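What you see is a predicted model; the values in this text were computed from it and never measured.
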Amino acid sequence: MIRIKTREDIEILRENALIVSRTLAEVGRHVAPGVTTMSLDKVAEDFIRGCGAEPGFLGYGGFPYTLCISVNDVVVHGFPSDYKLKEGDIVSVDCGTIYKGFYGDSAYTFPVGNVSEETAKLLRVTKESLYRGIEKAVAGNRIGDIGHAVQSYAEGFGFSVVREMVGHGIGRNMHESPEVPNYGKPGSGKKLLPGMTICIEPMINAGNKAIFLHDNGWAVSTIDRKNSAHFELTVAITEDGPADILSTFDFIEGKRQY
């Protein structure tokens, strides 16, 4: 069942989204060669709790960490570890919060130092595909319009779209209906209604779209071990006009102070 949110609900979701956005910016300040991904997890947990919120992922479905940290060919749900980031790596950081009974969720893929031209292109295209999807998140459109916008843009650059992992609704639960695939046909799927809140999160591979599950039962990697990028924002469908983007990359990218 799709839960339509009140204006008050959406404002609490916005508070969560901004805490997540600020947390990602704080984590991004520490991303550098030689830094362990476990240390990034600690930075995030301390920051979230300092904001008066709780980590949304910690213990969710048995997940044992505050962040999903996915390096290079790991698409999503990677475990923080003693791995030290290296020059040229990319690291997807997916973060969630619980605050005032609602969840926040957003993700950003950071370059570690200088990355190859092809990797930089993957990051640019994946992030832009997210915004292309958001442009279609308007009342009266359908879920397939979002997925088609993401897919057609990413595949136009020779990249591939992961099929098994999708975006989702969000509210008092981390994952609500509807699912939001990053592929699809225009005019297909559930209709977008005012008050719906969804997370749009392209997961785009440099090579083959196929993935496999790690032995830990959480992390998934590309089948060909080529890099994958992941960006996620939370939006609310409005009565008319463009979606209300609740989370933001502005803190990460230096456009706003946090």
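Not counting sequence neighbours, Lys185 has no partner by the salt bridge (charged side-chain N to carboxylate O under 4.0 Å, His left out) test. Taking His168 as the reference, Asp105, Glu201 meet the side chain to side chain donor-acceptor pair (under 3.5 Å) condition, with sequence neighbours excluded.
Taking the six-membered ring wherever Trp is involved, the centroid distance between the rings of Tyr60 and His175 falls below 6.0 Å. Two rings, from Phe110 and Tyr108, have their centers less than 6.0 Å apart. Here the two rings, on Tyr153 and Phe157, have centers that are under 6.0 Å apart.
Side-chain contact check for Asn72 and Asp89: at least one donor-acceptor pair (N or O, by modelled atom type) lies under 3.5 Å. Of the N and O atoms on the side chains of Asn205 and Ser228, at least one donor lies less than 3.5 Å from an acceptor on the other residue. Counting only N and O atoms by type, the side chains of Thr126 and Ser129 include no donor and acceptor under 3.5 Å apart. No side-chain donor-acceptor contact under 3.5 Å links Thr36 and Lys84.
Counting heavy atoms from C-beta outward, Asn173 and Arg3 have side chains that approach closer than 4.5 Å. The shortest side-chain heavy-atom distance between Asn208 and Lys226 does not fall under the 4.5 Å cut-off. Between Val91 and Ser70 the shortest side-chain heavy-atom distance does not fall below 4.5 Å. Taking the side chain as every heavy atom from C-beta outward, Ile200 and Glu232 never approach each other to under 4.5 Å.
Between Glu155 and Lys209, none of the side-chain N atoms (NZ, or NE/NH1/NH2) sits under 4.0 Å from a carboxylate O, so this pair counts as no salt bridge. A salt bridge links Lys5 to Glu176: at least one charged side-chain nitrogen sits closer than 4.0 Å to a carboxylate oxygen. Under 4.0 Å is where a charged nitrogen must lie from a carboxylate oxygen, and between Arg49 and Glu54 no such pair does.
Annotation: side-chain hydrogen bond (donor to acceptor under 3.5 Å, both in side chains) contacts involving residues 140-149, sequence neighbours excluded, are absent.
The cationic atom of Arg22 (NZ for Lys, CZ for Arg) does not lie both less than 6.0 Å from the six-membered ring centre of Phe47 and within 45° of the ring axis.
Under the 4.5 Å side-chain contact rule for hydrophobic residues, Ile48 and Ile98 do not share a cluster.
Between Ser221 and His214 the shortest heavy-atom distance is OG-NE2, 2.7 Å.
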